[in-house]
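Note that this is a predicted model, so its numbers are computed, not measured. We count ligands from 1, going down the list as the structure has it; atoms in each ligand are counted the same way.
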Amino acid sequence: MKVVALEDILGTEHDVDGGNWISRRLITKKDGMGYSVNDTLIKAGTETHIWYQNHLESVYCIEGEGEVVTLSDNKVWPIAKDQLYALDKNDEHLLRARTDMRMVCVFNPPLTGNEVHDENGVYPVDEG
Ligand code: 9YT
């Protein structure tokens, strides 16, 4: 059993600034859970290209609103507080934040904790 407090993550290497977003990595690979959990803030007015080719991600919005555009079909998915979207097909997408958004993000396989997107919006495979 363990308890992780957000305040203990702030200012550490697991408090990652991705530009359009700030991701606080609460549970990472080293915790041995088989998934990772982030508390992520998305900045109002931003659009982020994301394509997690190596991870499945569920994203639960607990504050704010915006939309996701899936690029395979150009479908627009409005997202608001208390809604979760699951990128169950490694979907390439745009994330647009109309307001500041706060998201709980779960990744399988787990993030090591320090990842930022590459130029294609991808996190690398962890070979470790
Ligand atoms: C919601 C989303 O995918 N934002 C990008 C950051 C990423 N989810 C993270 O590492 O927290």
Side-chain angles (χ1 to χ4, degrees):
M1 165 82 193
K2 65 174 72 176
V3 174
V4 181
L6 177 60
E7 66 178 23
D8 295 335
I9 303 294
L10 300 179
T12 72
E13 62 170 347
H14 287 168
D15 182 3
V16 177
D17 187 343
N20 290 349
W21 46 267
I22 297 173
S23 177
R24 292 79 65 91
R25 275 84 197 245
L26 301 168
I27 290 288
T28 62
K29 183 180 178 187
K30 71 171 172 26
D31 293 302
M33 301 293 286
Y35 55 82
S36 59
V37 182
N38 307 334
D39 177 331
T40 299
L41 304 174
I42 315 289
K43 295 177 188 164
T46 59
E47 177 181 274
T48 307
H49 173 231
I50 302 173
W51 194 5
Y52 296 133
Q53 299 172 40
N54 306 310
H55 300 83
L56 298 173
E57 184 193 24
S58 287
V59 182
Y60 185 50
C61 177
I62 57 172
E63 289 174 17
E65 59 185 52
E67 63 188 24
V68 171
V69 183
T70 42
L71 294 180
S72 63
D73 54 9
N74 278 324
K75 187 164 176 188
V76 178
W77 307 75
I79 302 295
K81 180 179 183 312
D82 298 344
Q83 293 180 325
L84 177 147
Y85 63 91
L87 301 161
D88 58 343
K89 299 186 173 55
N90 305 95
D91 311 68
E92 182 179 15
H93 62 286
L94 302 175
L95 173 60
R96 296 178 181 145
R98 203 180 73 72
T99 66
D100 285 339
M101 302 175 82
R102 187 175 182 188
M103 315 290 228
V104 178
C105 308
V106 177
F107 281 83
N108 169 27
L111 301 183
T112 60
N114 304 319
E115 291 90 346
V116 292
H117 295 163
D118 71 9
E119 66 279 9
N120 297 314
V122 178
Y123 287 150
V125 181
D126 175 37
E127 308 284 2

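- Ligand 1 does not have Gly18 within reach: every non-hydrogen atom of the residue lies 4.0 Å or more from it.
- Under 4.0 Å from ligand 1, the heavy atoms of Ile50 that appear belong solely to its side chain.
- With Glu57, Met101, Arg102 as candidates, the residue nearest to atom 2 (C) of ligand 1 on a non-hydrogen basis is Glu57.
- Under a 4.5 Å side-chain heavy-atom criterion applied to ILVMFWY residues, the cluster that includes Val3 comprises Met1 as well.
- Residues Arg25 and Ile9 form no side-chain contact, since every pair of their non-hydrogen atoms from C-beta on lies 4.5 Å or further apart.
- By the 4.5 Å heavy-atom criterion applied to side chains, Asp39 and Arg102 are counted as neighbours.
- Each of the atoms 9 (C), 11 (O) of ligand 1 lies under 4.0 Å from some heavy atom of Thr40.
- Residue-level proximity to ligand 1 for Leu95 is carried by the side chain, the only part with a heavy atom below 4.0 angstrom.
- Of all the heavy atoms of Tyr85, the ones lying under 4.0 Å from any atom of ligand 1 belong exclusively to the side chain.
- Of the polar atoms of Asn38, at least one N or O is found under 3.5 Å from an N or O of ligand 1, judged by distance alone.
- Within the listing of ligand 1, atoms 9 (C), 10 (O) sit less than 4.0 angstrom from a heavy atom of Arg25.
- Residues Glu47 and Val69 form no side-chain contact, since every pair of their non-hydrogen atoms from C-beta on lies 4.5 Å or further apart.
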Name the atoms and distances for all side-chain donor-acceptor pairs under 3.5 Å in residues 72-83, with sequence neighbours left out.
{"from": "Asp73", "atom 1": "OD1", "to": "Thr70", "atom 2": "OG1", "distance (Å)": "2.6"}
{"from": "Asp73", "atom 1": "OD1", "to": "Lys75", "atom 2": "N", "distance (Å)": "3.1"}
{"from": "Trp77", "atom 1": "NE1", "to": "Thr70", "atom 2": "OG1", "distance (Å)": "2.9"}
{"from": "Gln83", "atom 1": "OE1", "to": "Ala80", "atom 2": "N", "distance (Å)": "2.9"}

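- The closest donor-acceptor contact from the side chain of Asp17 to the backbone of Ile22 lies at 3.5 Å or more, if one exists at all.
- Of all the atoms in ligand 1, the ones that sit under 4.0 Å from a non-hydrogen atom of Ser23 are 9 (C), 10 (O), 11 (O).
- The closest approach between a heavy atom of Ile42 and any atom of ligand 1 is below 4.0 Å.
- Not a single donor-acceptor pair under 3.5 Å links the side chain of Asp15 to the backbone N or O of Thr12.
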